[in-house]
Amino acid sequence: MKLYEPHEIEERRQAAWEKDQLFRVSEDGTKEKYYLLEMFPYPSGRIHMGHVRNYSIGDVIARYKRMKGFNVLHPMGWDAFGMPAENAAIERGIQPATWTHENIDYMRKQLKRLGFGYDWTREIATCDVEYYRWEQWIFLKMFERGLVYRKSSPVNYCPKCQTVLANEQVEGGACWRCSEEVIQKELTQWFFAITQYADELYDYCDRLPGWPEKVLSMQKNWIGKSYGVEVDFRLEDGSPLTIFTTRPDTLYGVTFMVLAPEHPFSGVLALGTPYEHDVHAFIDRAKAQDRSFRAETEIKKEGVFTGKYAINPLTDTKIPIYIGNFVLMGYGTGAIMSVPAHDQRDFEFAKTFDLPLIVTIVPEDGALDPAAMTEAYEADGIMVNSGTFVGMKNREAIPKIIDFIEEKGMGKGKVNFRLRDWGISRQRYWGTPIPVIYCDDCGIVPVPYEDLPVVLPLDLEIKVVGKSPLAECAEFYNVHCPKCGKPAKRETDTMDTFVESSWYFLRYTCPQYDEGPLDRKKVDYWAPVDQYIGGVEHAVLHLLYSRFFNRVLNDLGLMGAREPFKNLLTQGMVIKDGSKMSKSKGNVVDPDYLIEKYGADTARLFCLFASPPEKDLDWSDKGVEGSFRFLQRVWRLVADRAEALQGVEAYLVPEERESDYIQLAHKIHKTIKKVTEDIERFHLNTAIASIMELVNTTYKFIEMERKEKAALSLLKGAIETVIMLLFPFVPHIAEELWGQIETGGRLLGAYWPVWDEAYVKDEKVMVVVQINGKLRDSCEVERDMEEAQLKEIIFGLEKIQRYVEGTEIIKTIIVPNKLVNIVCR
RNA sequence: GCCUGGGUGGCGGAAUAGGUAGACGCAAGGGACUUAAAAUCCCUCGGUCCUCGCGGCUGUACGAGUUCGAUUCUCGUCCUAGGCACCA
């Protein structure tokens, strides 16, 4: 018998796949397409176990779908722009481009060594000019449509990364990448108008049944849609002061207003009054508190009275106007109405400043005494003190009050979003240059399409200092204005790297197309991605940006699909010793080491078997050994009798009626069914478990030592089935074993086995007997037996008789072929 | 505080539509083979009680409920992970 030598086998098989270009695909109208994609990696140097897991899952699905006859697009590429390349450049004096490409070369080899089947002719590296030139092209199209604009605003800035961060990239006041505390800085930035799509992005969350509930809820949470009304309060001089509220049912309980420090009225209301000095001192102080500080929990609510009053349009009551540090200028109108009786924040503020409470909603079965309240009543109830709305349920009153306000011209219904526009300017070098030129005379001038690409110079010296190297490269930024020809300056900021990953999955469909970003025919054949697989950490950032970008490209007429990813699978992290694998924790397992010790098939198998894809995977060295042992067991099963099986015809149905045969035949068909259905729903761990069971059953059959030809035929059928079912998981060993038994020239991987429903059902079934729901006995009977006959057998059981004796039988419940429950007293 | 998930043996995890809880694997214990070891193979393996039987009781975070029957459905409680968090 040949020994199982994974390295030799794997190298040989991989070379053959490469030679035959096995995974290369093109559009084919005769087959159903299936676009399978895993999130592409950042080329950090080497792949880690998270990648191995992600891509192993993907490879199973890709190979399975191919066996099922789909035309499977399964590409791979590199999210190649980003800061680590610059840091490496600074630390080691190596060009970011060189560093990145060396990493890509190494990691590509690693992926190939794991045996993942990609169409490498479609490989993309986002740092290649042929990729980012089309991103610049898209930028210009977006600019024409007003989807890109420039504005000065306070931005999140990471002092360590020395660049701006989008709101989504700030996690609890810290940089998402390096965890440095984020500060506020006033900068002029480019923005993508993602808020124009906020409503649609929100609503479509309900039309993505193939996405995990969790991700959709995170996206909805982030977009933060809320229905309310804008109401015009009036200053005493008649000028309007508009607020936004989601609780118009509390409008009659407003006792004061609060403005954000940045509100245009904040600086002027107190002018010339005794309050002026205090107000300005407060505003200065509040503005100095940067965003991250303001975001801290338990920040004390502070405020100052402006000395001015406004009129509540519903009640004509005069109410004082305050400025408060807790009101955000960026949401709603930057001014709020305060209802201390029904909003906890307002309640606290009112207590501090000794402001009155007016109750407008009471619990259905009680009353509220403003003087006795220790917290705001935020729940639903019945309207009181509310003009014509008294007596209504507050929920029902809300739309009526909005109608009333609109009728009287006091305001209008409004939907607000938490989502902000996406700031994409980064003061970094290793990214896509923003294709814009600033001219003293003509202002902002987009680079003409014929001048694209704006190429990122590769021969720059990267220094530590704050400024982007591009801003110091005169050859780069000194240009002539495309409009008037006068000397002008090129934009030296680059784009956020999330821009590249927002459309790479579309470019895979036509990576060499040179007349535009997308070849409409090809992209419409493949898009949308049928199955996307990646880490849940991208639930908001990457996935939301991609949904936005896909819509923009759709609106630009570049493609037909509206949503980018039909189905999404978010895989869990790889955990070891209780925490995520990381260098700092010193608990990383190196894929190279695993491949060297056990081979790629074992590494893949363990990642797939140890836990279902969505869950975190607990690393276990012993578990890896177990996977290796299983493969050796399979190897022996086949290799030990490879010669004996030569020339034997494989049967999946028993030629003999003896129970050994029948049992094995049934097991084969049941396993095919189970594995098929499990792969379809991504229960890859249980799919493997059931293949293991088939292997165990096959060994048991062998122990019977049946020598007839029929036994060999069925055995061969079982073995062929094991190999075919294993192929998507561990393709190298499967192919090798397939080659060892003579299989009539059939090609492994070309088709998926089918089960015969007749053999899925056992001829004899074990029926368990319960008495009053408690398990008492069981017996084996013919399948689909007549109820009367079954009852006769059951009640004839000695044990059951003993239990039933002396009781009154109320009823007998029969679950066919499974269970009988006798209810008695 | 709000919104999602999730709590099952010593461990990773099964149980697809309410019907035998613990598949498969790991670890552990016992045995076979061997001069010995490795490898391999076989047996045991939730808890508990006894009269050690193809025995009884109990058991899927906890407490109720629906049901002939609940890991599964409903309500409440606790714990835990993730997301959002002065968003008016």
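Quick caveat, the model's predicted, so the values are computed rather than measured. Protein chains get the first letters and strands the later ones, always in sequence-line order, with residue 1 at the start of each.
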List the steps, then state whether side chain to side chain donor-acceptor pair (under 3.5 Å) holds for D421(A) with T195(A). CA-CA 6 Å; D421(A) 278 340; T195(A) 54; 2.7 Å; yes

For A17(B), glycosidic torsion class - syn if within 90° of 0, otherwise anti: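 That one's syn.
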
Syn or anti for G12(B), with syn set at within 90° of 0?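 This nucleotide is in anti.
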
Whole-Å [atom1] distance, [N] and [M]:
N	M	atom1	value
C33(B)	C41(B)	C1'	8 Å
C45(B)	C24(B)	P	13 Å
U20(B)	C2(B)	C1'	42 Å
C26(B)	G18(B)	P	32 Å
G46(B)	G22(B)	C1'	8 Å
U58(B)	G53(B)	P	22 Å
C62(B)	C78(B)	P	15 Å
C11(B)	C68(B)	P	36 Å

Treat primed atoms plus P, OP1 and OP2 as sugar-phosphate and everything else as base, then score nucleotides 5-16 of chain B 5' to 3': B for base contact with protein heavy atoms under 4.0 Å, S for sugar-phosphate contact only, - for none. S------BSSSB

Each nucleotide of nucleotides 26-34 of chain B classed B (base within 4.0 Å of a protein heavy atom), S (only sugar-phosphate) or -, in 5' to 3' order, makes SS-------

Touch class at under 4.0 angstrom, heavy-atom based, for [X] against every strand present:
X	value
K774(A)	sugar-phosphate
N416(A)	nothing
Y803(A)	sugar-phosphate
S778(A)	nothing
E693(A)	sugar-phosphate

Provide the closest heavy-atom pair for C205(A) versus Q219(A) in the form atom of the first, atom of the second, distance.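 Shortest heavy-atom separation between C205(A) and Q219(A) comes out as SG-CB, 4.2 Å.
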
Minimal non-hydrogen separation, N54(A) against G534(A), with atom names: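 Reported closest heavy-atom pair: OD1-CA, 3.7 Å.
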
Looking only at the side chain of K799(A) (C-beta and beyond, no hydrogens), which of the listed nucleotides G83(B), A23(B), G56(B) gets closest?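 Nearest to the side chain of K799(A) among the choices is G56(B).
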
Between [atom2] of [N] and [atom1] of [X], the distance in whole Å:
X	N	atom1	atom2	result
I810(A)	U67(B)	CD1	C1'	14 Å
Y202(A)	C3(B)	OH	C1'	11 Å
Q344(A)	A85(B)	CD	C1'	15 Å
M257(A)	A88(B)	CE	C1'	12 Å
L541(A)	G83(B)	CG	C1'	12 Å
L775(A)	A21(B)	CG	P	6 Å
M766(A)	A21(B)	CE	C1'	17 Å
M329(A)	C86(B)	CE	P	17 Å

Ring geometry between Y545(A) and W422(A) (parallel below 30°, tilted from 30 to 60°, perpendicular above 60°):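 Plane angle under 30°, so parallel.
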
Taking only nitrogen or oxygen atoms into account, show me every contact under 3.5 Å that the protein makes with nucleotides 75-77 of chain B, one pair per line with its distance.
none

Under the salt bridge (Lys or Arg N to Asp or Glu O under 4.0 Å) test, which residues partner D206(A), sequence neighbours left out?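 Result, salt bridge (Lys or Arg N to Asp or Glu O under 4.0 Å) vs D206(A): K220(A).
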
Name each donor-acceptor pair under 3.5 Å that joins a side chain in residues 623-634 of chain A to protein atoms two or more places apart or in another chain, with its distance.
unit_1, atom_1, unit_2, atom_2, d
E625(A), OE2, Y598(A), OH, 3.3
S627(A), OG, G623(A), O, 3.4
R633(A), NH2, N696(A), OD1, 2.8

Would you kindly compare Y331(A) and V540(A) by the position of their nearest RNA chain B nucleotide and give the one closer to the 5′ end?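 Result: V540(A).
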
Enumerate the residue pairs fulfilling side-chain hydrogen bond (donor to acceptor under 3.5 Å, both in side chains) with a member in residues 764-779 of chain A, sequence neighbours excluded, ordered by first and then second residue.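 Residue pairs with at least one partner in residues 764-779 of chain A: R776(A)-Y803(A).
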
Could you write out each protein N or O paired with an N or O of nucleotides 48-53 of chain B at a distance under 3.5 Å?
none

Would you jot down, in residue-number order, the residues of residues 813-825 of chain A having a non-hydrogen atom under 4.0 Å from RNA chain B?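 I813(A), V815(A), K818(A), L819(A), N821(A), V823(A) - these, ordered by number, are the residues of the stretch whose heavy atoms sit under 4.0 Å from the strand.
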
Test of understanding: with side-chain contact (heavy atoms from CB on, under 4.5 Å), list the residues that count as partners of V760(A), not counting sequence neighbours.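 Listed in chain order: H669(A), K670(A), K673(A), W755(A), E757(A).
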
What N/O pairs connect the protein and nucleotides 41-47 of chain B at under 3.5 Å? Give each pair on its own line.
unit_1, atom_1, unit_2, atom_2, d
C41(B), OP1, R633(A), NH1, 2.5

Can you name the residues that form a ring pair (Phe, Tyr, Trp, His ring centres under 6.0 Å) with F606(A), not counting sequence neighbours?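 W619(A).
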
Return one dot-bracket line describing RNA chain B 5' to 3' (Watson-Crick or G-U wobble pairs, both distances under 3.5 Å; ( ) same strand, [ ] crossing, | another strand, . none). (((((((..(((......[....))).(((((.......))))).(((((..).))))..(((((..]....))))))))))))....

Greater than 12 external heavy atoms within 6.0 Å of E787(A)'s CD: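 For E787(A), atom CD is not crowded (no more than 12 foreign heavy atoms under 6.0 Å).
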
Using the side-chain contact (heavy atoms from CB on, under 4.5 Å) definition, which of the options I336(A), I323(A), D346(A) pairs with V258(A)?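 Exactly one pass, corresponding to I336(A).
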
Are F256(A) and F353(A), when compared by the centres of their aromatic rings, separated by less than 6.0 Å?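 They do not qualify: ring centres at least 6.0 Å apart.
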
With the threshold set at 4.0 Å, does a side-chain nitrogen-carboxylate oxygen contact exist between K674(A) and E693(A)?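 No salt bridge links K674(A) with E693(A).
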
